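Right, one structure below, let's go through it.
Counting convention: from 1, in listed order, for ligands and their atoms alike. Predicted model only: the values in this text are computed from it and were never measured. FYI, side chains are in, hydrogens and waters are out, and symmetry mates aren't considered; it's all heavy atoms of this structure.
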Amino acid sequence: MEKQRVLSSQLLVKNRVFEVALDGDLLSWRELVRRTRISGGVRDALRAGSRSVAVSEIIAVRETEPDSCLKEDGRWQKMAQTHPCAFTVSYVERGSQHCWRCVDVTFQCPDGALCQRWVQAIKEQLSLLTSRPKRLLVYINPYGGKRQGKRIYEQKVAPLFARASISTEVIVTERANHARDHLNTEADLRRYSGVVCVGGDGMFSEVIHGLLARTQRDAGVDQNCAEESLVPCTLRVGIIPAGSTDCICYATVGINDPITSALHIIVGDSQPMDVCSIHHNNTFLRYSVSLLGYGFYGDVLADSESKQWMGPARYDISGVKTFLTHNYYEGTVSFLPAQSSLGSPRDKTRCSAGCYVCLHSGQLHSQDRRACEGDEDVSGREDDGAGGWQVLRGKFLAINSASMSCACPRSPKGLSPAAHLADGTADLILVRKCSRLNFLRHLLRHTSKDDQFDLDFVEVHRVRRFRFTPRHCESELDLKEHGKTLFGHICRDHPACGCTALNSSWNCDGEILQQAAIDVGVHCQLIRLFARGIEEPVITEDMRGLNAV
Ligand SMILES: Nc1ncnc2c1ncn2[C@@H]1O[C@H](COP(=O)(O)OP(=O)(O)OP(=O)(O)O)[C@@H](O)[C@H]1O
């Protein structure tokens with residue numbers, strides 16, 4: 001269908017003549033081919049180029065001075081006389097590795113009236129983009145990562161928000177859980193179109209815990225009831241990466257770069273995300289959006305807690321130590337397979353921007369919600385129509401549940417490469433007791449092309465819910481008594497003497513859960529991020545021509 005032409009004119013860009021057109025949702029500029037005489041004929045100029053930008057990726061437009069950097073150009077005087085007015089469009093340009101930058105192009109106009117018409121026309125198109133945030137509540141963790149959160153926000157992000165006319169309320173946190181508590185109780189959420197956290201995964205977790213607790217309370221939903229279907233948050237969350245690992249940002253944007261994230265917020269991207277709720281004895285413990293790991297990953301985290309002073313190197317040291325310790329844990333895993341999910345954990349598809357698996361799951365999920373609200377009979381939906389609960393007992397080196405691929409710069413494939421951000425499922429990975437060498441083979445496959453699940457001691461299931469019950473009774477008292485009688489105090493910290501702790505703990509998105517027996521439910525698309533998932537690279541003719549402009 002022909003797009004409606006809003007405006008078109010011949011304008012100058014860097015003193016070259018361009019045909020500039022605004023066609024509804026696209027701004028394009030094409031150099032008018034200049035012909036140069038050569039002996040006996042005419043040939044096209046080599047520098048002709050064109051460029052187009054979706055209006056949805058324009059950050060701002062403003063009247064400006066004609067390009068002053070061109071004043072050295074001999075033709076400047078002449079151009080300044082014929083084109084004395086100018087406007088500048090700031091837009092998103094894609095770099096390598098999913099990096100976005102904000103670049104400017106200045107159009108010189110023959111008169112002020114035409115210049116204003118252009119600015120007005122582009123502003124009107126921008127005002128039609130209703131998904132863009134207008135006012136944001138920003139929390140900065142000044143102590144996350146390398147303690148650069150405040151500087152990153154002030155120098156890289158705030159100027160972009162100001163340019164895009166986004167107003168902000170900024171809170172620099174004074175203690176852990178400041179952001180969570182503020183969102184849960186005081187914040188007047190109606191005043192904002194989104195919440196932004198400047199920090200790492202821990203800070204993001206704080207923000208979603210505050211938002212989700214508030215949303216459930218306002219909706220009269222009891223978080224302690226594991227069977228409840230939770231109410232999605234209406235406010236989107238943005239992450240400006242300033243932590244040590246920034247896994248969530250990496251998994252939803254493809255890079256941990258503050259400017260790229262700020263631009264995704266400005267253009268009003270929206271990426272739904274599943275959230276797991278974790279309960280113990282009908283008491284709510286935590287939410288998780290990426291990794292829940294018992295055994296190996298739980299032990300690595302527990303060990304690294306005592307080595308905070310080492311910085312990020314503590315994870316490597318604790319990783320090696322835990323690997324050598326080679327503890328396994330006994331228990332029962334029960335799970336509800338996700339029968340109707342379109343993908344499987346071992347297919348080769350990756351969740352990316354516009355993922356059809358997530359889109360399909362989101363549509364099914366909202367149909368279910370509507371049916372529930374309309375009191376239609378949806379009984380039997382939770383067990384996915386077939387199969388029911390499956391139960392496995394055994395000795396496990398690791399039990400991992402990945403709600404997303406968990407890809408990060410250290411492990412670009414991630415723990416479960418085909419896991420989806422928003423399909424209402426998690427990949428449950430069970431690594432049964434095996435030799436150290438075999439476990440090492442499994443771990444190394446996370447960084448190679450080989451399939452980490454193609455080993456006879458590893459199994460993976462796509463699930464909607466799961467439970468774990470450790471074989472050994474886990475009351476504090478029981479474990480202490482057991483430890484005293486068998487090995488005495490010292491042995492808990494000295495695996496070399498041959499004793500092992502009976503239970504591991506869960507690593508829940510980088511936080512320790514003390515309870516080993518848990519009940520986990522995946523809630524489809526419970527939150528939305530200012531992100532769009534990882535974009536596949538697209539090379540267009542426009543991009544090739546760009547070099548010429
Ligand atoms: N003002 C503060 N003082 C102390 N701790 C804080 C403060 N603000 C937030 N926190 C806590 O600091 C913890 C870590 O912060 P954050 O996630 O930003 O950085 P990180 O741990 O370095 O990065 P990552 O989580 O990506 O590894 C969070 O759990 C958060 O609750």
Side-chain angles (χ1 to χ4, degrees), residues 137-154 156-157 169-187 195-213 237-258 260-262 273 278 285-293 297-298 300-319 403-412 414-415 506-514 527 529 531:
L137 176 56
V138 181
Y139 295 100
I140 303 176
N141 175 4
Y143 301 113
K146 296 190 181 119
R147 301 180 167 222
Q148 297 294 306
K150 216 161 158 282
R151 188 190 61 78
I152 287 172
Y153 181 76
E154 282 163 5
K156 298 187 173 181
V157 179
E169 183 171 332
V170 179
I171 298 177
V172 179
T173 59
E174 288 162 11
R175 58 180 170 83
N177 293 326
H178 182 168
R180 184 197 67 184
D181 298 343
H182 185 255
L183 280 166
N184 194 3
T185 53
E186 285 170 59
V195 178
V196 171
C197 55
V198 184
D201 295 332
M203 197 56 194
F204 172 72
S205 176
E206 257 200 44
V207 164
I208 64 159
H209 275 83
L211 269 179
L212 281 168
V237 181
I239 310 172
I240 301 294
S244 320
T245 46
D246 304 314
C247 283
I248 313 294
C249 183
Y250 189 84
T252 52
V253 176
I255 188 170
N256 42 354
D257 170 62
T260 304
S261 289
M273 222 167 130
I278 303 153
L285 296 180
R286 277 190 79 83
Y287 293 115
S288 159
V289 291
S290 57
L291 165 71
L292 261 170
Y297 290 102
V300 171
L301 183 66
D303 188 77
S304 69
E305 296 276 279
S306 60
K307 300 181 173 60
Q308 299 270 359
W309 55 273
M310 286 185 184
R314 68 187 185 274
Y315 296 116
D316 294 327
I317 291 167
S318 296
S403 313
M404 57 168 72
S405 71
C406 301
C408 65
R410 274 165 165 241
S411 167
L415 213 63
W506 286 93
N507 174 339
C508 171
D509 295 352
E511 295 289 325
I512 290 277
L513 294 183
Q514 294 304 337
I527 55 170
L529 263 59

Can any side-chain N or O of [X] pair as donor or acceptor with the backbone N or O of [Y] at less than 3.5 Å?
X      : Y      : value
Ser261 : Pro258 : no
Asp246 : Cys249 : no
His209 : Arg286 : no
Asn141 : Thr173 : no
Ser290 : Asp509 : no

Identify, for [atom], the protein heavy atom at the shortest distance, and state residue, atom and that distance.
atom                    : result
atom 27 (O) of ligand 1 : Thr245 OG1, 2.9 Å
atom 28 (C) of ligand 1 : Gly202 C, 3.8 Å
atom 13 (C) of ligand 1 : Asn141 ND2, 4.1 Å
atom 30 (C) of ligand 1 : Glu206 OE2, 3.1 Å
atom 22 (O) of ligand 1 : Ser244 OG, 2.5 Å
atom 18 (O) of ligand 1 : Gly200 N, 2.8 Å
atom 3 (N) of ligand 1  : Tyr143 CD1, 3.3 Å
atom 5 (N) of ligand 1  : Ala176 N, 3.7 Å

Run the contact test for Gly145 against ligand 1 with a 4.0 Å cut-off on heavy atoms, strictly below, and give the result.
->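 Per 4.0 Å heavy-atom rule, Gly145 contacts ligand 1.
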Compute the minimum heavy-atom distance from Arg175 to ligand 1 and say whether it is under 4.0 Å.
->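 Checking ligand 1 against Arg175, which is what was asked, there is a heavy-atom contact under 4.0 Å.
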Excluding sequence neighbours, so at least two apart, what forms salt bridge (charged side-chain N to carboxylate O under 4.0 Å, His left out) with Glu511?
->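 None.
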Counting only heavy atoms not in Lys307, do more than 12 fall under 6.0 Å of its NZ?
->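 Yes, enclosed.
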Check side chain to side chain contact (heavy atoms under 4.5 Å, CB included) between Tyr315 and all other residues, then give those that pass, not counting sequence neighbours.
->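 By the side chain to side chain contact (heavy atoms under 4.5 Å, CB included) rule, Tyr315 matches Leu301, Ser304.
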Could you list which atoms of ligand 1 come closer than 4.0 Å to a heavy atom of Gly199?
->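 Every atom of ligand 1 under 4.0 Å from some heavy atom of Gly199: 18 (O).
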For ligand 1, which atoms sit closer than 4.0 Å to a heavy atom of Thr173?
->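 Ligand 1 atoms under the 4.0 Å threshold to Thr173: 1 (N), 2 (C), 7 (C), 8 (N), 9 (C).
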Which is it for His178 and ligand 1 at heavy atoms under 4.0 Å: side chain, backbone, both or neither?
->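 Neither part.
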Proximity of Met203 to ligand 1 by residue part, where a heavy atom lies under 4.0 Å =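 Both parts.
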Picking from Ile239, Thr260, Ile248, what satisfies side chain to side chain contact (heavy atoms under 4.5 Å, CB included) with Val253?
->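 Considering Ile239, Thr260, Ile248, a side chain to side chain contact (heavy atoms under 4.5 Å, CB included) with Val253 is found only for Thr260.
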Looking at OH of Tyr139 and NE2 of His182, how far apart are the two atoms once the value is rounded to the nearest 0.5 Å?
->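 Output value for this atom pair is 4.5 Å.
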Could you tell me whether some N/O pair between Gly144 and ligand 1 is separated by less than 3.5 angstrom?
->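 There is no such contact.
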